[in-house]
Amino acid sequence: MHVFVTGGTGTIGSAVVPELVGHGHTVLALARSDASARTLEAAGAEVLRGSLADLDVLRTGAARTEGVISLAAGNDFSSAEAVARLVAEETAAVTVLGEALVGSDRPLVTVSGTPWISGRASVEADPLPTDGPVGGRARTVDALMALGSRGVRVSAVRLPRTVHDQGQGGFAGLLTGMARQSGISGYPGDGSQRWPAVHALDAAALFRLALESAPAGTAWHAVDDEGDAVRDIASVIGRRLGLPVGSRPTEEFGPFGPIFAMDQPSSSTYTREVLGWRPTHPHLLEDLELLEPTEA
Ligand SMILES: NC(=O)c1ccc[n+]([C@@H]2O[C@H](COP(=O)([O-])OP(=O)(O)OC[C@H]3O[C@@H](n4cnc5c(N)ncnc54)[C@H](OP(=O)(O)O)[C@@H]3O)[C@@H](O)[C@H]2O)c1
């Protein structure tokens, strides 16, 4: 299949592009800079120059291909306003991509997060929480899912809090960045709350499987680790960086503080059974052992 990919240079996208190429697909990839264009060409993709805000370029990408994987999103989480801006930009972009595919029966694979359900691991049938700092994103995904009845084979890969590669990425990556800045590897509360995780290479395999075979309107969980205690994550980060480890006030974790503080394990049993997805790459706590005291 000829596939339009946005975000192909990110933690996840840089695993998705080779996964597609390695399984006989061809890739047209959005690039907003010369550096990104070079990276994508080196990975075997054809480049379409433009950014998420260039809605006509997105329409062109969707029109020139047989399916879309939408991964691009900003990563300025410094304030509630910054998060709202990036959610708005991503919403406008995926809405255009979805509308461009109406009536085509082509696949559109989009991203959301695994939901949190009090007292148990969330499953694929659980609804996305539509409140909180990234609630707008969930509402966007819900609206996209409705395109399943308008001739778009739309599906969502729900990502856990950390998608990692070489010890970097996701919420654990945010904790690492904060630890480097503050000199303490901190966690909110008592650190017993659990976050799910997956290696980017395993997540990439699930994006490919969803592209190839997920029915319209379905959601899948890219979860390998059902839940690592945040205290354990912070402990590995602290040891690797040579920093003390301890609880910090939730407010110190910025707009995501309340989410950081929540217990939110998630299961992928249904995804594994139905799509035959089998994660094989290192778990988060093993991958964090690759962190170095000074940034590469
Ligand atoms: N990593 C995780 O743990 C995790 C967990 C849950 C959900 N997610 C979601 O999964 C998606 C991919 O995550 P990721 O970790 O791979 O992200 P990432 O490493 O931050 O990469 C973001 C990608 O989006 C591109 N991008 C950002 N803003 C853009 C714009 N305005 N125009 C065009 N391209 C733009 C970047 O391109 P450049 O190379 O040009 O910067 C890059 O390819 C995001 O929606 C993210 O929120 C990630």
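Atoms considered below: every heavy atom in the structure, side chains included; atoms not considered: hydrogens, waters and symmetry mates. Since we're looking at a predicted model, the values are computed, not measured. One-based numbering, in listed order, for ligands and for the atoms of each. The chain is numbered in sequence order, starting from 1.
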For this session: Would you mind checking which non-hydrogen protein atom is closest to atom 37 (O) of ligand 1, with the distance to 0.1 Å?
Result: Thr9 OG1, 3.3 Å

Exercise. Does ligand 1 have an atom that lies less than 4.0 angstrom from a heavy atom of Gly113?
Worked result: no

Seminar exercise, completed: Counting from 1 in the order shown, the ligand 1 atoms closer than 4.0 Å to a non-hydrogen atom of Ser36 are 38 (P), 39 (O), 40 (O)

Exercise. Does a side-chain N-to-carboxylate-O contact under 4.0 Å join Arg59 and Asp54?
Worked result: no

Exercise. Does Leu159, backbone or side chain, put an N or O under 3.5 Å from an N or O of ligand 1?
Worked result: no

Exercise. Is the backbone of Ile233 close enough, under 3.5 Å, to the side chain of Asp228 for a donor and an acceptor to pair up by distance?
Worked result: no

Exercise. Leu52 to ligand 1: N or O pair under 3.5 Å?
Worked result: yes

Exercise. With a cut-off of 6.0 Å (strictly less than), are more than 12 heavy atoms of other residues, nucleotides or ligands near CZ of Arg49?
Worked result: yes

Exercise. For atom 44 (C) of ligand 1, which of Asp76, Leu71, Val157 has the closest heavy atom?
Worked result: Leu71

Exercise. Arg161 heavy atoms, cut-off 4.0 Å: which ligand 1 atoms fall inside?
Worked result: 3 (O)

Seminar exercise, completed: Under 4.0 Å from one or more heavy atoms of Pro160, ligand 1 contributes atoms 5 (C), 6 (C)

Exercise. Looking only at distance, does Asn75 have an N or O less than 3.5 Å from an N or O of ligand 1?
Worked result: yes

Exercise. Is His164 near ligand 1, meaning one of its heavy atoms is under 4.0 Å from it?
Worked result: no

Exercise. When you look for heavy atoms under 4.0 Å from ligand 1, do you find them on the side chain of Ala73, its backbone, both, or neither?
Worked result: both

Exercise. Looking at Ala72, which atoms of ligand 1 are within less than 4.0 Å of one of its heavy atoms?
Worked result: 24 (O), 25 (C), 26 (N), 34 (N), 35 (C)

For this session: Return a yes/no value for Arg32: is any of its N or O atoms, backbone included, closer than 3.5 angstrom to an N or O of ligand 1?
Result: yes

Problem set entry | Option of least heavy-atom distance to atom 9 (C) of ligand 1 (set: Leu284, Val111, Leu174) | Val111

Exercise. Could a heavy atom of Ala93 be found less than 4.0 Å from some atom of ligand 1?
Worked result: no

Exercise. Charged N to carboxylate O below 4.0 Å: is that the case for Arg120 and Asp126?
Worked result: yes

Exercise. Is a side-chain N or O of Ser268 found less than 3.5 angstrom from the main chain of Val223, in a donor-acceptor match?
Worked result: yes

Problem set entry | Backbone of Ser267 reached by a side-chain donor or acceptor of His221 within 3.5 Å | yes

For this session: Considering only non-hydrogen protein atoms, determine which one is nearest to atom 23 (C) of ligand 1 and report residue, atom name and distance to 0.1 Å.
Result: Gly7 CA, 3.7 Å

For this session: Distance to 0.1 Å, residue and atom name: give those for the protein heavy atom nearest to atom 19 (O) of ligand 1.
Result: Thr11 N, 2.9 Å

For this session: Please identify which atoms of ligand 1 are closer than 4.0 Å to at least one heavy atom of Arg137.
Result: 9 (C), 44 (C), 45 (O), 46 (C), 47 (O)

Exercise. Would you say ligand 1 has an N or O under 3.5 Å from any N or O of Ser33?
Worked result: no

Exercise. What atoms of ligand 1 come closer than 4.0 angstrom to any heavy atom of Gly10?
Worked result: 16 (O), 18 (P), 19 (O), 21 (O), 42 (C), 43 (O)

For this session: Could you state whether Phe256 and Ile184 fall into the same hydrophobic cluster, counting links through intermediate Ile, Leu, Val, Met, Phe, Trp or Tyr residues with side-chain heavy atoms under 4.5 angstrom apart?
Result: no

Problem set entry | Electrostatic pair Asp263:Arg194 at N-O distance under 4.0 angstrom | yes

Seminar exercise, completed: ligand 1 to Thr162, heavy atom cutoff 4.0 Å, flagged ligand atoms 3 (O)

Exercise. Looking only at distance, does Ile12 have an N or O less than 3.5 Å from an N or O of ligand 1?
Worked result: yes

Exercise. Side chain of His283, backbone of Leu285: donor and acceptor closer than 3.5 Å?
Worked result: no

Exercise. Under 30°, 30 to 60°, or over 60°: which ring-plane class applies to Phe171 and Phe260, parallel, tilted or perpendicular?
Worked result: tilted

Exercise. For atom OH of Tyr270, is the number of surrounding heavy atoms from other residues, nucleotides or ligands below 6.0 Å larger than 12?
Worked result: no

Problem set entry | Short N-O contact, Asp131 and Arg139, less than 4.0 angstrom | no

Problem set entry | Close-contact set for ligand 1 against Glu89 heavy atoms, below 4.0 Å | 31 (N)

Problem set entry | Backbone N/O of Ser33 and side chain of Ser36: donor-acceptor pair under 3.5 Å | no

Exercise. Is there any N or O on Val163 that sits under 3.5 Å from an N or O of ligand 1?
Worked result: yes

Problem set entry | Distance-only polar pair, side chains of Thr114 and Arg161, donor-acceptor under 3.5 Å | yes

